[in-house]
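Because only heavy atoms are used, hydrogens play no part in the values below, and waters and symmetry mates are left out as well, while side chains stay in.
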There are 4 protein chains.
Amino acid sequence: MPDRTPQQDAERPLRADARRNRQRILDAARDAFVEEGTDAQMEDIARRAGVGVGTIYRHFPTKRALVDELVEQWLAGNAAVAAEALELPDAWEALSLYLRRGAEDMMQNRGLRQAYGDLGKLFEEGVGPKNRELVSNVGKLLDRCHEAGVLRADVGFAEFRALMYGLAMASSNADTPGAQQIYADVFLRGLRP
Amino acid sequence: MPDRTPQQDAERPLRADARRNRQRILDAARDAFVEEGTDAQMEDIARRAGVGVGTIYRHFPTKRALVDELVEQWLAGNAAVAAEALELPDAWEALSLYLRRGAEDMMQNRGLRQAYGDLGKLFEEGVGPKNRELVSNVGKLLDRCHEAGVLRADVGFAEFRALMYGLAMASSNADTPGAQQIYADVFLRGLRP
Amino acid sequence: MPDRTPQQDAERPLRADARRNRQRILDAARDAFVEEGTDAQMEDIARRAGVGVGTIYRHFPTKRALVDELVEQWLAGNAAVAAEALELPDAWEALSLYLRRGAEDMMQNRGLRQAYGDLGKLFEEGVGPKNRELVSNVGKLLDRCHEAGVLRADVGFAEFRALMYGLAMASSNADTPGAQQIYADVFLRGLRP
Amino acid sequence: MPDRTPQQDAERPLRADARRNRQRILDAARDAFVEEGTDAQMEDIARRAGVGVGTIYRHFPTKRALVDELVEQWLAGNAAVAAEALELPDAWEALSLYLRRGAEDMMQNRGLRQAYGDLGKLFEEGVGPKNRELVSNVGKLLDRCHEAGVLRADVGFAEFRALMYGLAMASSNADTPGAQQIYADVFLRGLRP
DNA sequence: TATGAATGAGGATTCATTCAT
DNA sequence: AATGAATGAATCCTCATTCAT
């Protein structure tokens with residue numbers, strides 16, 4: 001993730017306290033966006049972080065930049081999940097694991113769902129470096145499945161990510177705790193050739 | 001839908017021109033929400049309807065009430081689609097038709113997707129009379145499928161509507177035109193027992 | 001002056017109350033800018049006008065637009081002064097009158113002086129229709145003087161306006177009341193061939 | 001100029017590095033104000049000086065104090081110009097030289113023009129010690145001219161400085177390079193008895 | 001009854017100044 | 001003594017809602 005702090009040259013690392021604050025802001029923002037969605041207010045985020053608004057703006061030039069950064073972090077986490085899944089020997093198990101965990105993350109995050117809905121195409125190649133990693137990892141998961149013949153041939157990366165998004169959205173409307181499990185099953189069953 | 005206009009006694013029907021205005025407002029609002037999502041502005045809606053803002057507020061006490069009314073109308077339309085589907089002799093064909101058409105409607109309507117995402121639980125019983133009809137019709141579609149053994153037993157009304165929402169959301173992110181078709185296939189395949 | 005009110009088509013005149021408010025806003029803004037310069041606050045202007053901030057924004061999309069409008073009005077007034085001066089039979093008397101009155105107006109208006117200083121080139125042709133009138137009128141004043149041989153040949157419109165601005169600025173720093181008169185005399189003497 | 005640094009007793013001179021920093025800050029501030037006017041930002045000045053903002057505040061308690069100091073320096077320079085001019089044998093030549101050079105300096109300095117315009121009365125006696133020197137030198141220039149009968153009798157120090165300011169402001173709006181020369185000529189002609 | 005002008009709380013962002021490192 | 005991160009009051013502007021015409 002590139003450093004967006006305007007006062008920082010790419011080289012010089014942030015002072016210890018600044019780095020701490022930056023993280024507190026990101027954590028607070030994530031919480032706020034998870035709970036209140038994208039229109040959580042900067043003041044609220046600042047309050048949660050125990051910081052003045054100005055401090056947020058020292059680290060992120062714009063509310064949008066803050067959201068972007070969170071998305072970027074989520075992409076990084078998601079790529080890591082995919083990497084983890086790749087360790088499983090069975091191709092289908094690996095894809096299942098990734099789908100479940102990815103959808104679950106997104107489901108729990110209202111801001112992320114909104115960002116995804118508003119901006120669309122979050123996973124597009126070229127959005128950022130973390131994204132490239134994600135695309136690559138998920139591509140491998142899909143390829144393995146295709147080779148093993150356990151996945152519909154017409155489901156590529158774009159289709160898979162849209163479906164994962166759909167699963168997350170369905171899950172976010174789950175009433176009963178078991179429902180989520182059912183939704184994932186439905187999706188996975190539907191993905192078989 | 002009950003008349004929400006405050007100046008109206010429940011009994012007295014609206015004057016002809018008032019009824020006309022009401023419909024123009026609803027049409028304009030639907031267009032606006034479809035295009036711009038939930039944060040379309042009241043002024044914009046008024047302009048589209050060829051009406052002053054004040055007139056909107058004469059018919060709907062609140063922006064939220066206007067959105068609710070559109071949702072209600074959408075539910076009515078959706079119930080009609082379900083009723084139509086019920087005419088098909090084959091249980092599975094009927095359900096498929098309903099799922100595809102319902103998801104498509106929602107997919108095309110940004111405001112509806114947002115409303116659904118923000119408010120959640122749009123289909124809850126008790127939201128309004130139209131909803132009761134919808135619940136009943138879709139219930140029949142599902143029952144027929146269950147009886148015919150062509151639908152997973154653990155998918156009831158709540159599950160089905162969440163999945164339909166998921167399908168709509170996935171479809172709204174479709175890049176290629178064919179993708180939508182694929183998503184519907186995946187869902188339908190997944191719904192088989 | 002073109003109508004800048006966004007909600008208005010050029011044709012339809014403002015409602016009586018709106019026109020009244022528009023004028024009150026302009027008056028209040030002029031006062032505020034005269035006293036506090038260009039960074040008078042919108043809230044302050046609204047308060048002076050006895051109006052909410054929103055009302056200002058209904059009439060002028062931007063603080064800058066409000067300032068521009070005031071400048072435009074000042075240009076109109078200035079053009080009128082020039083027109084009046086043109087009625088005098090003596091070429092030099094006419095120019096003198098115009099210089100004195102124009103400089104005096106500007107001198108009294110801190111906001112105008114700032115606008116002029118910040119933006120520069122207020123009198124440039126093409127800024128607005130009123131400006132064209134002004135350029136034309138002052139051009140005539142100067143031509144008459146040149147023909148009569150009572151004005152330095154190297155002082156054209158651009159030079160004259162810069163000098164008038166200089167006079168206004170000098171005058172705005174006058175300590176004694178008579179000083180202003182002296183400054184004008186100096187300028188006028190200097191302008192003779 | 002008295003030392004304004006709060007940590008300094010009036011007596012103790014600044015350490016060598018502190019003095020160096022102080023000058024770098026002043027130079028940077030002058031550049032910034034010349035280019036961007038009075039609303040150049042403290043951070044920008046600090047950056048130009050290669051110094052942290054905090055360091056500026058160690059030397060100057062307030063942005064205003066920094067501006068004041070620059071004005072004071074400008075006054076010193078101006079006094080020096082006047083002193084130089086006094087060396088010329090001809091009274092009128094001396095005054096002309098001083099007027100031209102002084103106006104030119106001010107013309108080139110946007111911040112100075114603003115400061116002058118905003119604060120007014122920069123040359124008032126009593127503003128600072130440098131000012132006294134300036135008042136004295138310019139007083140001599142004027143006296144010599146009065147004695148030689150080459151200057152309007154009603155132009156004293158206050159009038160002369162206001163006019164010089166006016167000339168600077170006029171010049172700052174000069175389009176053509178030659179215009180400036182014309183303005184100075186006009187002023188000088190006007191100053192003759 | 002319809003209109004659209006007015007309202008004003010609210011929200012993002014800036015920047016002089018303070019203060020912990 | 002220097003640094004630059006943190007602060008938060010201040011400021012412009014938006015938009016749902018109210019109300020005079």
Are E35(C) and R48(C) ion-paired here, with the side-chain N under 4.0 Å from a carboxylate O? yes
So CZ of R30(D) and CG of L70(D): to nearest 0.5 Å the spacing works out to 5.5 Å
Checking the side chain of K63(B) only, and the main-chain atoms of A40(B) only, is there a donor and an acceptor separated by less than 3.5 Å?
yes
CG (D44(A)) and CG (D31(A)) are apart, to the nearest 0.5 Å, by 10.0 Å
Distance col, row M42(B):CE vs R47(B):CZ, nearest 0.5 angstrom, shows 13.0 Å
Per-helix bend value, the helix from dA2(E)-dT21(F) to dT21(E)-dA2(F), C1' rotation axes over five pairs per end, 10° rounding, shows 10°
Atom pairs, N/O to N/O, protein against nucleotides 8-10 of chain E, distance under 3.5 Å?
residue, atom, partner, partner atom, Å
dG8(E), N7, G54(C), N, 3.4

Rounded to whole Å, the CD1-P distance (I56(A) to dA5(F)) equals 16 Å
Separation of dA6(F) atom P from R22(A) atom CZ, nearest Å, is 11 Å
Do any side-chain nitrogens or oxygens of N21(D) fall under 4.0 Å of OP1 or OP2 in dA2(F)? yes
Separation of dA20(E) atom P from Y57(D) atom OH, nearest Å, is 17 Å
Original post:
So, are E43(D) and R58(A) salt-bridged, with charged N and O less than 4.0 Å apart?
Top reply: yes
OP1, OP2 of dT17(E) versus side-chain N and O of T62(D): anything below 4.0 Å?
yes
Can you find a side chain N or O atom of H59(A) that sits less than 4.0 Å from OP1 or OP2 on dA6(F)? yes
Here the distance between atom P of dT3(F) and atom CD1 of I25(D), to the nearest Å, is 9 Å
Taken in chain and number order and not counting sequence neighbours, the residues that satisfy salt bridge (Lys or Arg N to Asp or Glu O under 4.0 Å) with D39(A) are none
Quick check: are there more than 12 heavy atoms from other residues, nucleotides or ligands sitting under 6.0 Å from CD of Q108(D)?
-> yes
Whole-Å distance, R58(B) CZ to dT18(F) P, equals 13 Å
Note: D27(B)-R24(B) ion pair, threshold 4.0 Å (strictly below):
no
Rounded to whole Å, the CE-P distance (M42(B) to dA5(E)) equals 17 Å
Note: for R20(C) and K63(C) on DNA chain F, the residue whose nearest nucleotide lies more 5' is K63(C)
Would you classify D39(B) as touching base, sugar-phosphate or nothing, given that sugar-phosphate means primed atoms plus P, OP1 and OP2, and contacts are heavy atoms under 4.0 Å?
nothing
To the nearest angstrom, the CZ-C1' distance between R19(B) and dT1(E) comes to 16 Å
Rounded to whole Å, the CD1-C1' distance (I45(A) to dG11(E)) equals 12 Å
